[in-house]
Amino acid sequence: MQATLKLLLCSAVALGLACARQAPTAHAAPADGSHDFDFNIGTWHTHIRTLKEPLSGHTDWNEMRGTVTVNPLWNGKAQVEEIEADSPGGRFEGMTVFLYDPAAHQWRQYFTDSDDGNMETPSVGHFEHGRGEFYSQELYKGRAVLVRGIWTVTSPDAHSYEQDYSDDGGKIWEANFIANLTRYKPGEAVTPMKPVGHEAGQHDFDWQLGNWDIHMSRMEHPLTAQSRWTPLDGSVRVRKLWNGRANLAEIDTQGPSGHLQFLSLRLFNPIAHQWSLNFVSSDSGKFSSPMIGAFVDGRGDFYDQEPYNGKAILARFSFLHLAQGSNSDEQAFSADGGKTWEVNWVNASKRAQGTGNDAVAGRAAHSP
């Protein structure tokens with residue numbers, strides 16, 4: 001988490017070529033693409049077709065229809081998309097988080113579904129003239145394949161998304177997922193959320209839904225025997241996703257070190273009965289490695305291994321003193337395999353006045 005939340009410092013360098021008989025050539029700065037996904041915001045009808053057996057030569061398709069709901073984050077520099085669609089084979093429930101990387105002028109899209117709550121490798125790309133192309137590599141039936149996603153905007157009220165596979169290095173692409181979306185009109189019914197099951201642990205974050213005031217204390221140089229701390233104050237907004245099987249915390253704070261904005265996406269794995277914490281700052285546009293854990297006896301502990309100052313360490317994030325009106329959490333690092341832990345980030349939260357834990361519990365409404 002800490003590596004993700006470090007503020008990035010970058011500078012632009014103008015390049016030019018000059019010779020005795022030629023004036024310097026100016027290189028255009030990359031276009032700001034932070035609003036390229038604005039077309040996607042809203043509530044949409046979706047018709048989805050999925051190829052049953054990609055890369056097999058077979059051409060049988062499944063069809064689904066449902067609702068896609070897209071909410072903006074960070075004034076459009078990020079979005080969260082929830083997909084609820086039905087087919088003869090059952091319910092498909094997916095989620096995509098779109099993150100803009102201001103340094104690379106590119107977007108990342110992270111997909112997950114509610115069957116296991118694990119995020120796939122992000123695809124990365126950008127838009128030109130109303131068309132977005134995104135690429136990644138993933139395993140399909142044990143083999144590495146290239147993945148291409150294509151966004152096509154046809155009007156303010158219609159767009160499409162297509163996913164293709166290639167197993168020959170991009171020479172030939174085969175479509176295996178095609179979604180056509182049209183904007184909902186006022187009064188039209190949306191596809192209801194998938195009912196919540198009875199898996200143990202899936203309500204462990206219900207206590208945090210709503211709006212909070214937060215005071216943070218951050219150690220400036222962990223694992224260095226220094227003990228200087230920096231304060232930050234701000235707000236936290238936690239909304240439920242997938243009817244509670246996931247949730248998103250938006251943190252916005254200010255302090256002597258500057259303005260800090262980040263997200264914490266929590267995803268429930270119904271197979272392992274565990275949660276993952278996925279952190280990203282507004283400056284990076286890239287999720288850090290997930291922290292995995294669960295709540296036991298009113299305390300939640302989540303762990304991962306991550307690099308810090310060039311070395312691999314263990315990281316722990318803990319939720320403590322849980323209550324409807326106040327709570328605390330902390331981050332700690334270990335450089336000795338978990339024998340000892342140094343706390344380097346402490347947060348204390350109180351529920352914002354005039355809000356309850358259902359303040360942001362429902363699906364957001366959108367105007368077409």
Candidate pair Glu250 and Arg239, rule side-chain contact (heavy atoms from CB on, under 4.5 Å), full reasoning
CA-CA 9 Å; Glu250 299 174 65; Arg239 69 177 80 174; 2.7 Å; yes

Run Asp101 and Gln106 through side chain to side chain donor-acceptor pair (under 3.5 Å) and show every step you take.
CA-CA 5 Å; Asp101 183 336; Gln106 291 180 310; over 6 Å; no

Given side chain to side chain donor-acceptor pair (under 3.5 Å), test Thr67 with Tyr184 step by step and report yes or no.
CA-CA 9 Å; Thr67 299; Tyr184 265 84; 2.6 Å; yes

Quick one, Lys311 with Asn309, criterion side-chain contact (heavy atoms from CB on, under 4.5 Å). Give me CA distance, side-chain angles, the key distance, then yes/no.
CA-CA 6 Å; Lys311 295 183 178 181; Asn309 287 343; over 6 Å; no

From CA spacing to verdict: side-chain contact (heavy atoms from CB on, under 4.5 Å), Gln208, Phe319:
CA-CA 10 Å; Gln208 202 185 27; Phe319 293 92; 4.1 Å; yes

Can Gln261 and Trp74 be said to form a side-chain contact (heavy atoms from CB on, under 4.5 Å), step by step?
CA-CA 8 Å; Gln261 287 181 305; Trp74 294 334; 3.8 Å; yes

Would you sort out whether Tyr161 and Gln163 count as a side chain to side chain donor-acceptor pair (under 3.5 Å), showing the intermediate values?
CA-CA 7 Å; Tyr161 177 73; Gln163 178 183 272; 4.6 Å; no

Can you check salt bridge (Lys or Arg N to Asp or Glu O under 4.0 Å) on Arg91 and Asp86, steps first, answer last?
CA-CA 5 Å; Arg91 172 62 64 90; Asp86 291 313; 2.5 Å; yes

Evaluate side chain to side chain donor-acceptor pair (under 3.5 Å) for Asp157 paired with Ser155, printing each intermediate quantity in order.
CA-CA 5 Å; Asp157 297 321; Ser155 79; 5.3 Å; no

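Residues forming a side-chain contact (heavy atoms from CB on, under 4.5 Å) with Gln254 (at least two apart in sequence, or on another chain): His259. Under the rule for a side-chain contact (heavy atoms from CB on, under 4.5 Å), Ala189 has no partner lying at least two apart in sequence or in another chain. Checked against salt bridge (charged side-chain N to carboxylate O under 4.0 Å, His left out), Glu120 has no partners two or more places apart in sequence or in another chain. Residues satisfying the salt bridge (charged side-chain N to carboxylate O under 4.0 Å, His left out) criterion with Asp301, sequence neighbours excluded, are Arg299. Take Glu93 and apply the side-chain contact (heavy atoms from CB on, under 4.5 Å) test, not counting sequence neighbours, and it matches Glu84, Ser114, Lys194, Trp242, Arg245.
Looking only at side-chain heavy atoms (C-beta outward), Ser87 and Phe92 stay at 4.5 Å or farther from each other. Taking the side chain as every heavy atom from C-beta outward, Phe127 and His35 never approach each other to under 4.5 Å. Contact annotation: the side chain of Leu320 never approaches that of Leu322 to less than 4.5 Å [non-hydrogen atoms, C-beta and beyond]. Residues Glu174 and Leu51 form a side-chain contact, since some pair of their non-hydrogen atoms from C-beta on lies under 4.5 Å apart. Using a 4.5 Å heavy-atom threshold, the side chains of Ile214 and Thr253 count as touching. At least one side-chain heavy atom of Leu241 sits under 4.5 Å from a side-chain heavy atom of Met95. Between Thr69 and Val190 the shortest side-chain heavy-atom distance does not fall below 4.5 Å. Between His159 and Phe39, the closest side-chain pair of non-hydrogen atoms falls below 4.5 Å.
In terms of heavy-atom proximity, Gly338 sits nearest to Trp341 at O-NE1, 3.3 Å. For the residue pair Met219 and Gln226, the shortest heavy atom distance occurs at SD-O, 3.8 Å. Shortest non-hydrogen contact noted between His215 and Pro231 is CE1-CB, 4.0 Å. Minimum heavy-atom separation, Ala249 to Val236: CB-CG1, 4.3 Å. Heavy-atom minimum distance, Glu162 versus Ala175: OE2-CB, 3.7 Å. Taking every heavy atom of both residues into account, Pro88 and Glu63 meet most closely at CD-O, 3.9 Å.
Cation-pi geometry between Arg237 and Trp212 is not satisfied (NZ or CZ under 6.0 Å from the ring centre, within 45° of the ring normal). Remark: Arg148 qualifies as a cation-pi partner of Trp173 under the 6.0 Å distance and 45° angle criteria applied to the six-membered ring.
Judged by distance alone, with hydrogens and angles left aside, the side-chain atoms of Thr46 form no donor-acceptor pair with the main-chain N or O of Arg65 at under 3.5 Å. Formation of a donor-acceptor pair under 3.5 Å by the Tyr110 side chain with backbone atoms of Phe287 is found in this model. Side-chain N or O atoms of Ser281 include none that pairs as donor or acceptor with a backbone N or O of Phe262 at under 3.5 Å.
Remark: the His273 side chain and the Gln202 side chain contain no N/O donor-acceptor pair separated by less than 3.5 Å. For Asn269 and Asp116, the side-chain atoms include no donor-acceptor pair closer than 3.5 Å.
Ring centers of Phe98 and Phe37: under 6.0 Å apart, within the cut-off. Between Trp275 and Phe205, the gap from one ring centroid to the other is short of 6.0 Å. Within the 6.0 Å centre-distance limit, the rings of Phe279 and Phe317 are counted as a close aromatic pair.
Hydrophobic clustering of Ile, Leu, Val, Met, Phe, Trp and Tyr side chains at less than 4.5 Å, counting indirect connections, unites Val153 with Val70. Transitive grouping of hydrophobic side chains (ILVMFWY, heavy atoms separated by less than 4.5 Å) brings Ile251 and Leu277 into a common cluster. Hydrophobic cluster membership differs between Phe177 and Leu55, with clusters built from Ile, Leu, Val, Met, Phe, Trp and Tyr side chains linked at under 4.5 angstrom. Hydrophobic clustering (side-chain heavy atoms under 4.5 Å, transitive across Ile, Leu, Val, Met, Phe, Trp, Tyr) keeps Ile292 apart from Phe333.
Atom CD1 of residue Ile313 and atom OG of residue Ser334 lie 8.0 Å apart, to the nearest 0.5 angstrom. Here NZ of Lys185 is found 8.5 Å from OG1 of Thr182. Values are rounded to the nearest 0.5 Å. Rounding to the nearest 0.5 angstrom, the gap separating the CG atom in Asn347 from the CZ atom in Arg218 is 11.5 Å. In this structure, the separation between CG on Asp233 and CG on Asp252 is 12.0 Å, given to the nearest 0.5 Å. To the nearest 0.5 Å, the span separating OG on Ser318 from CG on Asp329 amounts to 9.0 Å.
Listed by chain and number, the hydrophobic cluster partners of Leu139 come to none, as no ILVMFWY side chain reaches under 4.5 Å of it.
Of the candidates Asn40, Thr96, Leu73, Asn40 is the only one forming a side chain to side chain contact (heavy atoms under 4.5 Å, CB included) with Gln79.
When the shell of 6.0 Å around CG of Asp336 is examined, it contains more than 12 heavy atoms from other residues, nucleotides or ligands. Other residues, nucleotides and ligands contribute more than 12 heavy atoms inside 6.0 Å of the NZ atom of Lys52.
Ion pairing of Glu133 with Arg131 is present here, as a side-chain N (NZ or NE/NH1/NH2) and a carboxylate O approach within less than 4.0 Å.
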